[in-house]
Amino acid sequence: MAQSFVNEDELYVPEDIIKEPELLNVVVSSIESYPSPTRLWIGPRLVIVVKDPHQLQIILQSSKIAKKAHIYQFLKPFLGQGLFTASGPTHKIHKKLLQPLFSLKMIEGYCDVFQRHADAFVERLRQHAGGPQFDIIFYLHDTAFESTMDLLLPDANTHSIHYKDFPKYIRRFYHILVTRIRYFWLHWDYIFEKTSYFKEQTMIKNITTKLIAEVMDTKVPETVERLKNDKTPSRATRIPSMMEVLVEMVLNNENCLSVQDCIDHLMTLMATSQDTQSSTVAFTCMMLGAYPDIQDLVVKELREALGEKKTLDMSDVSKLKYLEMCIKETMRLYPVAPFIFRDTSEDFQLDKITIPRHVTVALGFYIVHRDPKYWERPNEFYPEHFSPEATSRRHPFAFLPFSAGPRKCIAQQYSYTLMKILLGTILLNFELECDRKVEDIKLTTDISIRPIDGYPIKIKNRIFC
Ligand code: HEM
C-alpha cells in the first residue's frame, strides 16, 4: 500500500505490482514441510492448509464443508448463480439437472464435434511444421472455446453476434479476479468499486450479458416452439445442443430452473471449459515433446487402436489407456487447480483437530500431487505412476485434478474424451519436440498454473512408413 493508488477520482492497482512469478513456489515451499493441517495467515484471514489424502477425502466428501470460499463470490458478477458459484440446495438440484449433459451417451454424440475441431486445429498448426518453436496455447484456446460453443448453442456458427471475442473477455475477467484475490484490501466491495478494475469488470459484464442475452432472446422462443412441435425423427437422431436441453429443463422444471439460471449456466460452462482443457493439452504436448520415447509409445498405441484410420470415436478413445496415463501424469504435475478453497460455517472435526468456523480451508492438490510419500518419482514425468498396479497401491485422494465429492468437476469424462481426441489427432499428424523437461519449466500461478515462459514446442509432419 506504500504506492499511491489515488488517481484523481478513482483508486487503481498498477499492473506491474501484481506480477509475482514465484508466488506458487513461495506458497508451496513455506508450507510443504509442516504437517497437515497447517495454519497460514493471508492478510486478516486465517487459512488452514490441508495436504494429506485421508484428510482431503474427509473434507471433500463432507456436505458440511462444501461451501466455496468467500473469494469465489468475486466470480459472481460474471458467472451469476452458475454451478461453479452456487451453493446449498440450489447447487445440489442444478448439478443433478445438468449431469445428463455430461453423460457417456451425450459425450459419445459429442465425439464428431470434437474430431471436426481437432481436424481444423491440426490444419491451423500445419503452417508451423518444420519451422521454429511457437507457443501452442493460442491455437488451443480458440479450439477449446469453439468446440464448446458448438455444443452449447444450436448452430453456433450462424449467430450474428461476435462471440469470438468471448475468450478475450473471459481472460481479462480472470485477470481482474486474480488481482482482487491477491490484494486483500480489494476484497472489500467498498474499495474495489473505487478501482478502474471495477469499471472494466462492469464493462465486460455488460458486453458478455448482452451477447448471451441476444442469443437467448432469439433462440429461446425458437427452441421452445421447436421442442413443442418437433416430433420428427431428425431430432431424435441428432445430439441437441446444451442450450436446447437447458431450455427443455426450464419447460419441464419451471420451479427449479429459470431462464436467468440457463444464462448463468451457459456462461459458467463457457468460462470453465476454455482454459482448463487448453492448458492441460498444451502441457501434455510439451511433455510428449520433451520425452520422445514416451511419445513413441503413445503413437504405437494409437496405431494399434486405429489401424489406418485417422479419426477417433468413443470406442477408440476407450482403448487409449497409455495416452490417458500421460494426460493424468501431466495433470499430476500441472493441475489446473493447484489449490481449491472452502469456508467453514461451523466447527469441523478433522480427525483429532477442530477446524474453527468462519475460516478458509485450502486444499493443496499441487502439494499432494508431488508428495514423495505417494509418488515414486514426484518431480519427473513418469506415466507409469498411473499403471493399474501403481494406482491400486495409492490412496485414491492423492490425485485430484478434477477434485472429488459433491463439488467435483462436472466434465471429467467429457474433458478426457476431448483431450484424447485432440492429442490423438495432433500425434497422428505431427512429431512433437520440446526443449524443456519438467525441471526446466518454471511455474507461475494466477487462476490456474502456468509456465512462466509459455508453452513452446516445435512440430514436424509425421510420416508413417
Ligand atoms: C482438463 C479439464 C478440466 C479440469 C482439470 C477441471 C478441474 C476442475 C476442478 C478442480 C473443479 C473444482 C473447483 C473447485 O471446487 O473450486 C472443477 C469444477 C467445475 N468444472 Fe471443471 N475442469 C476441467 C474441465 C471442465 C470443462 C470442460 C467444463 C465445462 C464444460 C467444466 C466445468 C466445471 C464446473 C461447472 C465446475 C463446478 C462444479 C461444482 O461446483 O459442482 N470443467 N473443475
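In this chain, residues are counted from 1 in sequence order. One-based numbering, in listed order, for ligands and for the atoms of each.
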Nearest protein heavy atom to atom 36 (C) of ligand 1, by residue and atom, and its distance?
-> Phe84 CD1, 3.5 Å
Among non-hydrogen protein atoms, atom 5 (C) of ligand 1 lies closest to Pro401 O, 3.5 Å
Tell me whether the guanidinium CZ or amine NZ of Arg357 lies under 6.0 angstrom from the six-membered ring centre of Phe348 and within 45° of its axis.
-> no
Atoms in ligand 1 flagged as close to Ala337, the criterion being non-hydrogen separation under 4.0 Å = 10 (C)
In this structure, atom 15 (O) of ligand 1 is nearest to the protein heavy atom Arg342 NH2, 3.0 Å
Determine, for Phe74 and Arg180, whether the Lys NZ or Arg CZ falls below 6.0 Å from the six-membered ring centre while staying within 45 degrees of the axis.
-> yes
Per the side-chain contact (heavy atoms from CB on, under 4.5 Å) rule, which among Leu363, Thr445, Leu24 passes with Phe339?
-> Leu24
cation_pi(Lys437, Phe381) dist<6.0 Å, angle<=45 | no
Is the NZ or CZ atom of Arg171 both under 6.0 Å from the centre of the six-membered ring of Phe78 and within 45° of that ring's axis?
-> no
Before accepting this row, confirm whether a basic side-chain N of the pair Asp112/Arg116 lies closer than 4.0 Å to the acidic partner's carboxylate O.
-> no
For Ala337 against Phe365, the heavy-atom pair lying closest together | O-CD1, 3.5 Å
Sort by chain and number the protein N/O/S atoms found under 2.8 Å from atom 21 (Fe) of ligand 1.
-> Cys409 SG
Within less than 4.0 angstrom of ligand 1, does Thr148 place any heavy atom?
-> no
Do the ring centers of Trp375 and Phe386 come within less than 6.0 Å of each other?
-> yes
Protein contact of atom 38 (C) of ligand 1 - nearest heavy atom, named by residue and atom, plus distance | Lys408 O, 3.6 Å
Any Tyr72 heavy atom less than 4.0 Å from ligand 1 = yes
